[in-house]
Amino acid sequence: MNVLEQTEETLKQQIRDAVLRAGLASEEEIPEMVLEKPKDKRHGDFATNIAMQLARVAKKAPRQIAEELVNVFDRVKASVEKVEIAGPGFINFFMKEDFLGSIVPNILQEGEAYGRSRAGNNERVQVEFVSVNPTGDLHLGHARGAAFGDVLCNVFDAAGYRVEREYYINDAGNQIDNLALSIEARYLQALGQDVPMPEDGYFGEDITEIGKQLREEYGEQWVQKDREERLAFFKEYGLSYELGKIKEDLQAFKVHFDSWFSERSLYKENKIGETLEKIATYTYEKDGATWFRSTEFGDDKDRVLIKQDGTYTYLTPDIAYHKNKLDRGFDQIINVWGADHHGYIPRMRAAIQALGYPAEKFSVKIVQMVNLFADGEKVRMSKRTGKAVALRELIEEVGVDAVRYYFVMRSNDSQLDFDMDLARSESNDNPVFYVQYAHARICTMLKQAEGKGLSFDCDADVSLLTAEKETDLLKKLAAFPQVIADAARMQTPHKVTQYVFDLASLLHSFYNAEKVLDTDHLERTKARIALMQAVKITLANGLRVLGVTAPEKM
RNA sequence: GUCCCAGUAGCUCAGCUGGAUAGAGCAACAGCCUUCUAAGCUGUGGGUCGCAGGUUCGAAUCCUGCCUGGGACGCCA
């Protein structure tokens, strides 16, 4: 707990004591104390709405309650300078002047750890994301899921959760058979044969490339072979080719996984059979298929588990997979899915309940679609036509920093317009530059300070930081750990982009208003250097959570 | 028809576990570089928070209905 949080705790306690002393409510009647930090400075450093909340219990008007409370409030103990009652009954607290400055040495001491907290109580969280079928390139839509999932994990980590990142590899089933068929067609085409692609085949350029590669390596060798053998080989060849590319792309995007879970392993270890047995009471036979009575748990309709032809639907191994995840003892398992899969949620939740697990442990974050604009036109994204812009291409043209920042800038619930031309132009409309520039600016100042022999001094008198732009910065700096904790609790990583942007904005504003390096005011200069150091650390920590670099100069 | 997401400034979006005068970026307009990086700053204008009810001291926020846009409703994955 830092100095600021202690200040806040003490204040809450003093308010509680005052309520009791004034006889406004009993211990149990006091609602959970919420201290807000008013946006408007005229409303003080902290404000509480307790008087309004107590109106019913105390059977008095909020403003009267507030007055009685303020009369017995112990200002000295709470380090409060001034208390005001305002509006419908808000109580505004103005703290003694120097309480904010203490955050600076605090940040300097914590360094890279500033912003981290124990808010998550070491809860074990697993996030499964991306999990793209190894049948084509990662493209724009996947990139959003990748950025969102990765930053969400970073946020969890910083907020004191134990987090694991996992990728589920669909290396079994229909889509992989289809991959083999598509490769076969492209291979034969590469040899000049006029064969059609399978109707549900994969039309990406990567498949054509695989076909060519096979011709280079094996010539016509595979034409004569038994078809089953050929397809089996193409399947493995394609799988490792596609998976290799996915891994490369993710690495380039700075997204790393703790584990890669193979669907095949579920077959090998008979996990699917076990799972089916476990939910047997909720299954039945109809029309030659095996059904899961998911309607019992609120799903729209029952779902097929084993098809007429004896093979599993996609759902069946997926249930086994989720059982496996829950058996690993996570407190929470979170899936990041595209909006087109939202209809899948009720059946999976039903399956988890049928397995006897609490549904609350399972949740899905839906990431809405990305609309791509290029040459002023909306580009349709489709895996089938292979027209989508690949993540790799995007990174090359725009850069990892900008792509990551852009994709977590907005709520996952909102659709995202991604303008290729704008991103490609590297114009200053891109907010990531704005934030990075703030960091680089500070680095330059600190370097110059060093050159002038004004290197950072631990004994800086931070109580000198009382200019308006300075207190604005101090307040923002102090809020950082709570921002991270909130972003984790509410699973809203975009709050972090919002935060670094706001902090950068305050820094730029301060920079233009006040001079930092001023040999005529040595003490103030020292204090400001310390402040700059604190801002730099906080910006860098925020950017690190986003997976965006913090450049020393630009 | 059912379900999910969105609807807030000209545009793109924050704000949504109820709180004070609804915010930011871009665009528009007017200023600021002999001074630590002008990729920056300062100021101005711009709003029936989709519509209609309801809940209460108080609603952009919660509830109900409707409208509009996007998505999903396979023995595909």
Side-chain angles (χ1 to χ4, degrees), chain A residues 32 34 36 38-40 42-43 47-49 52-53 55-56 61-63 86-90 92 132-133 135 170 173-176 178 200 286-291 299-301 303-315 317-318 338-346 364 366-369 371 383 409-417 419 422 426-438 440-449 451-452 454 489-490 492 494-495 497-498 501-502 504-505 507-518 525 528-529 532 553-554:
Chain A
E32 200 188 333
V34 181
E36 42 179 309
K39 284 172 237 165
D40 191 327
R42 284 169 300 179
H43 298 146
T48 178
N49 62 350
M52 280 114 93
Q53 289 181 306
R56 199 167 309 183
R63 284 195 70 107
F90 287 99
N92 299 331
V132 176
N133 287 344
T135 54
N170 294 112
N174 230 338
Q175 76 283 352
I176 290 298
N178 243 322
D200 300 320
K286 197 181 90 183
D287 304 329
T290 304
W291 294 70
D299 194 7
D300 286 356
K301 47 186 106 167
R303 309 290 171 178
V304 171
L305 293 169
I306 306 174
K307 297 182 254 179
Q308 267 182 349
D309 66 5
T311 62
Y312 299 129
T313 59
Y314 181 83
L315 178 64
D318 211 12
D340 53 340
H341 284 70
H342 86 266
Y344 196 76
I345 301 172
V364 178
I366 291 296
V367 176
Q368 291 294 326
M369 314 204 75
N371 294 313
K383 206 167 199 179
M409 204 167 66
R410 309 252 162 89
S411 158
N412 60 293
D413 282 333
S414 287
Q415 295 192 9
L416 181 78
D417 289 344
D419 188 330
L422 194 68
E426 291 186 11
S427 81
N428 51 7
D429 293 341
N430 204 324
V432 69
F433 290 128
Y434 181 85
V435 178
Q436 290 178 317
Y437 183 48
R441 254 189 167 168
I442 296 172
C443 289
T444 303
M445 280 188 275
L446 294 176
K447 209 171 225 175
Q448 298 214 0
K452 290 184 184 177
L454 292 168
R489 183 173 51 82
M490 295 161 80
T492 49
H494 70 275
K495 285 189 187 303
T497 54
Q498 207 91 27
F501 186 88
D502 289 346
S505 176
L507 182 276
H508 288 309
S509 182
F510 164 80
Y511 180 92
N512 277 274
E514 312 284 354
K515 181 130 175 114
V516 173
L517 307 176
D518 182 358
T525 296
R528 285 184 173 168
I529 289 173
M532 289 302 99
K553 62 177 177 185
M554 291 175 75

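A note on names: the letters A, B, ... follow the listed sequences, proteins ahead of strands, and every chain is numbered from 1.
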Worked verdict on A/Lys495 versus A/Met490 for side-chain contact (heavy atoms from CB on, under 4.5 Å): CA-CA 10 Å; A/Lys495 285 189 187 303; A/Met490 295 161 80; 3.9 Å; yes
Step-by-step side-chain contact (heavy atoms from CB on, under 4.5 Å) determination, A/Ile442 to A/Leu507: CA-CA 9 Å; A/Ile442 296 172; A/Leu507 182 276; 3.9 Å; yes
Verdict with supporting geometry, A/Ile366 and A/Ile345, side-chain contact (heavy atoms from CB on, under 4.5 Å): CA-CA 10 Å; A/Ile366 291 296; A/Ile345 301 172; 4.0 Å; yes
A/Leu416/A/Gln368 under side-chain contact (heavy atoms from CB on, under 4.5 Å): CA gap, chis, key distance, verdict: CA-CA 7 Å; A/Leu416 181 78; A/Gln368 291 294 326; over 6 Å; no
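OP1 or OP2 of B/U42 has at least one side-chain nitrogen or oxygen of A/Ser509 nearer than 4.0 Å. OP1 and OP2 of B/C75 both lie 4.0 Å or more from every side-chain N or O belonging to A/Lys286.
Among the protein residues, A/Ala339 comes within range of the sugar-phosphate backbone only, with heavy atoms under 4.0 Å from sugar or phosphate atoms but none that close to a base. Within the 4.0 angstrom heavy-atom criterion, base atoms lie near A/Asp287. If you check every strand for non-hydrogen atoms under 4.0 Å, A/Ala47 touches a base. At the heavy-atom level, A/Lys553 lies under 4.0 Å from base atoms of the strands shown. Heavy atoms of A/Arg489 sit under 4.0 angstrom from at least one base atom.
Set against B/G74, B/G19, B/A20, the side chain of A/Lys301 has B/G74 as its closest nucleotide. Between B/C41, B/G71, B/G19, one nucleotide has an atom nearer to the side chain of A/Asn49 than all others, and that is B/G19. The side chain of A/Tyr344 lies closest to B/A77 when the candidates are B/A77, B/C41, B/A20. Closest approach to the A/His494 side chain among B/A20, B/A39, B/A14 is made by B/A14 (side chain taken as heavy atoms from C-beta onward).
Rounded to a whole Å, the NE2 atom of A/His341 is 17 Å from the C1' atom of B/G70. Remark: P of B/G74 and CD of A/Gln175 are 19 Å apart, rounded to the nearest angstrom. The CD atom of A/Gln498 sits 10 Å away from the P atom of B/C16 (whole-angstrom rounding). In this structure, CZ of A/Arg303 is placed 13 Å from P of B/A77, rounded to the nearest angstrom. One interatomic measurement links the two molecules: CD of A/Glu36 to C1' of B/G18, which rounds to 11 Å at whole-angstrom precision. Atom P of nucleotide B/G70 and atom CG of A/Asp413 are separated by 18 Å, given to the nearest angstrom. Regarding A/Asn174, its CG atom lies at a distance of 8 Å from the C1' atom of B/A77, rounded to whole Å. One interatomic measurement links the two molecules: NE2 of A/His508 to P of B/G43, which rounds to 16 Å at whole-angstrom precision.
Separating the P atom of B/G18 from that of B/A24 is a span of 25 Å, rounded to the nearest Å. Nucleotides B/U12 and B/U2 are separated by 32 Å at their C1' atoms, to the nearest Å. Taking atom C1' on both B/G7 and B/U61, the two are 14 Å apart, rounded to the nearest angstrom. Using C1' as the reference atom, B/A9 and B/C3 are 33 Å apart when rounded to the nearest Å. Taking atom C1' on both nucleotides, B/C62 is separated from B/G19 by 14 Å, rounded to a whole Å. If you take atom P in B/A28 and the same atom in B/U34, they sit 25 Å apart, rounded to whole Å. When the C1' atom is compared between B/G53 and B/A14, the two are found 28 Å apart, to the nearest whole Å. On the C1' atoms, B/G43 is 43 Å away from B/U55, given to the nearest whole Å.
Between the base of B/A20 and the side chain of A/Asn92 there is a donor-acceptor pair shorter than 3.5 Å. Interface remark: the A/Asp340 side chain does not form any donor-acceptor pair with the B/G71 base, using a distance-only criterion of under 3.5 Å.
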Dot-bracket pairing map - RNA chain B, Watson-Crick plus G-U, both contacts under 3.5 Å, | cross-strand: ((((((((.[[[[.)...(...]]]].(((((.......))))).....[[[[[..)....]]]]])))))))....
Polar atoms only, N or O, under 3.5 Å: list the protein pairs with nucleotides 1-4 of chain B and their distances.
from	atom 1	to	atom 2	distance (Å)
B/C3	O2	A/His342	NE2	3.4

Any N/O pairs under 3.5 Å between the protein and nucleotides 57-63 of chain B? List them or say none.
none

N/O-N/O pairs, protein side and nucleotides 30-36 of chain B side, under 3.5 Å:
from	atom 1	to	atom 2	distance (Å)
B/U35	O2'	A/Lys515	NZ	2.9
B/C36	O3'	A/Gln448	NE2	3.1
B/C36	O2'	A/Gln448	OE1	3.4
B/C36	O2	A/Leu517	N	3.2
B/C36	N3	A/Val516	N	3.2
B/C36	N4	A/Tyr511	O	2.6
B/C36	N4	A/Glu514	O	2.6

Detail all sub-3.5 Å separations between protein N/O atoms and N/O atoms belonging to nucleotides 7-13 of chain B.
from	atom 1	to	atom 2	distance (Å)
B/U12	O2'	A/Arg410	NH1	3.0
B/U12	O2'	A/Arg410	NH2	2.7
B/C13	OP1	A/Gln415	O	3.1

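Not counting sequence neighbours, A/Asn92 has no partner by the side-chain hydrogen bond (donor to acceptor under 3.5 Å, both in side chains) test. Under the side-chain contact (heavy atoms from CB on, under 4.5 Å) criterion, A/Lys447 pairs with no residue at all, not counting sequence neighbours. Every side-chain contact (heavy atoms from CB on, under 4.5 Å) that A/Asp318 has, sequence neighbours left out, goes to A/Tyr168, A/Tyr314, A/Tyr321, A/His322, A/Tyr344, A/Met348. Applying the side-chain contact (heavy atoms from CB on, under 4.5 Å) test to A/Pro346 and every residue at least two apart in sequence or in another chain returns A/Asp299. Not a single side-chain hydrogen bond (donor to acceptor under 3.5 Å, both in side chains) links A/Asp287 to another residue, sequence neighbours left out. Contacts of A/Phe501 classified as ring pair (Phe, Tyr, Trp, His ring centres under 6.0 Å), with partners at least two apart in sequence or in another chain: A/Tyr434.
For B/C33, the base is syn relative to its sugar; the glycosidic angle is within 90° of 0.
A stacked arrangement is not assigned to A/Phe90 and the six-membered base ring of B/G19, the conditions of a centre distance below 5.5 Å and an interplanar angle below 30° not being jointly met.
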Extract all donor-acceptor atom pairs below 3.5 Å that involve side chains of residues 511-518 of chain A and protein atoms in other chains or at least two apart in sequence.
from	atom 1	to	atom 2	distance (Å)
A/Asn512	ND2	A/His508	O	2.9
A/Glu514	OE1	A/Arg528	NH2	3.3
A/Asp518	OD1	A/Asp520	N	3.0
A/Asp518	OD2	A/His521	ND1	3.1
A/Asp518	OD2	A/Arg524	NH2	3.4

